[in-house]
Protein chains: 2
Amino acid sequence: MNVRTLCLGILSFSDMTGYDIRKMAFEGSFSHFCEASYGSIYPALSQLTNEELVTYRDEVSEGKPARKIYSITEKGRAVLLHILHEQPGPDRFKSEFLFYSLFYDKMPPSQFRNLLNKKISDISEKLEGLKGALDCCDHEPSHFAIGYGVAINTAVLDYLKTQVEKFDGEAETPPCPPKDTFKETSHERS
Amino acid sequence: MNVRTLCLGILSFSDMTGYDIRKMAFEGSFSHFCEASYGSIYPALSQLTNEELVTYRDEVSEGKPARKIYSITEKGRAVLLHILHEQPGPDRFKSEFLFYSLFYDKMPPSQFRNLLNKKISDISEKLEGLKGALDCCDHEPSHFAIGYGVAINTAVLDYLKTQVEKFDGEAETPPCPPKDTFKETSHERS
DNA sequence: TACGTCATGTAAGTCGTTACATGATTGG
DNA sequence: CCAATCATGTAACGACTTACATGACGTA
């Protein structure tokens, strides 16, 4: 799905700025199955505006940058519904990590173990995020989509944890301290 | 990872034509974590040849199209090893299906149930393929990578199967015969 | 004062897909 | 004979990313 459709979909939930859309598609609860950067979002929004699928109102408040708050139009909703009627394209999963793993027998053992550990902590972190989103989400369809992400990441984490044991036996485990390096959240809001 | 690196990696396992590489990256045991089409593979191979990371020999045998069989060079292996030393980029998962699912409450119930059923049969098929590859594979790293795919797809399948029940209760299930509709090998013509 | 966040946007460039062009062979 | 498979390649196009340009405000 292209960025135009993505914007249309996100705006169908609530009015938003381009900045906000990028956040949702990059860090928010959409981010586990899509991505978009400013360079694609802003042009997409202009185009959608030209086609009258969205409109915007300028908001100029004191002490804040001027912002354009986009809303989907009726026409936009109709187009979105129409798009949803087509068959969705196939899911795509791209993993540089898995590509690397094909050559683990050609790397020093510690190198691959580090990759595994890094992966495990990345997935753990992502999984925590998804689980958090799952709890504080009452929109059923989002629940479904986030649950899907939770299912995948849980499975991957389990798989990696069973696999890492196989490699831990092979030699000593020297350089893998990044475990709690990112976990620094002890002072959430002081 | 770009197509150049992908070709280099695949050729590190065995000599192959561009056609074969595309098959591996599209249908073979690489296809669950990468993709590449002719339009990117052939230019990549030319480029790699210019850089002397691969070479090819022409094979002109009776009754077959002429083909270029590519081999990785020593220099190519060195470059590959060097690339593997860098941190792999993050995995990316793109799902149009999940995007669609966010709007299931805005579709007719049968539409989403069809999507679910389609998804379930697609994943089942893919899972069978992966499991088959897992059994007849003695290369350990490939085993790891395929096992990863099996883990993901098993989890997704389980998730979808539990979810589909929730939607099955809501209305009767009329149009989902596409099981063997694609399998149509018989062509009745005059 | 300097950095981080909010906020919008453009231009250049990368990367890859789709569709096309070509042609031989095999099997039903 | 027709379709599928094997086989190579190019050109046009599309989609997105990166980096840049701009600027105001809050806070440490």
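Heavy-atom basis, side chains included; hydrogens, waters and symmetry copies ignored. Proteins get letters first, then strands, A, B, ... in listed order; numbering begins at 1 in each.
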5' priority, DNA chain C, between A:I69 and B:V3 [closest heavy atom]: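 Nearer the 5' end of the strand: A:I69.
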
Identify, between A:S37 and B:Y42, the residue whose nearest nucleotide on DNA chain D lies closer to the 5' end.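 So the residue in question is B:Y42.
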
5' priority, DNA chain D, between B:P43 and B:K94 [closest heavy atom]: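 It is B:P43 whose nearest nucleotide is closer to the 5' end.
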
Is it the case that over 12 heavy atoms from other parts of the model lie below 6.0 angstrom from the [atom1] atom of [X]?
X      : atom1 : result
A:Y38  : OH    : yes
B:E74  : CD    : no
A:E140 : CD    : no

Roughly, in whole Å, what's the span from [atom1] in [X] to [atom2] in [N]?
X     : N      : atom1 : atom2 : value
B:Y19 : D:dC6  : OH    : P     : 4 Å
A:Y70 : C:dA7  : OH    : P     : 13 Å
A:I21 : D:dC16 : CD1   : P     : 14 Å
A:L45 : C:dT10 : CG    : P     : 11 Å
A:R22 : D:dT17 : CZ    : P     : 10 Å
A:M16 : C:dT8  : CE    : C1'   : 17 Å
B:D58 : D:dC6  : CG    : C1'   : 16 Å
A:Q47 : C:dG9  : CD    : P     : 14 Å

What is the distance from atom CD of A:Q87 to atom NZ of B:K118, rounded to the nearest 0.5 Å?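 Separation between the atoms: 5.5 Å.
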
Distance test, side-chain N/O of [X] to OP1/OP2 of [N], below 4.0 Å:
X     : N      : answer
B:K23 : D:dT5  : no
A:T17 : C:dT8  : yes
B:S40 : C:dC15 : no

Taking the minimum atom-to-atom distance to the side chain of A:K68, which one of C:dG16, D:dC6, C:dG9 wins?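 So the nucleotide nearest the side chain must be C:dG9.
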
Heavy atoms only, 4.0 Å cut-off, all strands: where does [X] land among base, sugar-phosphate and nothing?
X     : answer
A:S46 : nothing
B:F26 : nothing
B:G18 : sugar-phosphate

Transitively linked via ILVMFWY side-chain contacts under 4.5 Å: A:F30 with A:F26?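 They do not share one cluster, since no chain of ILVMFWY contacts under 4.5 Å joins A:F30 to A:F26.
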
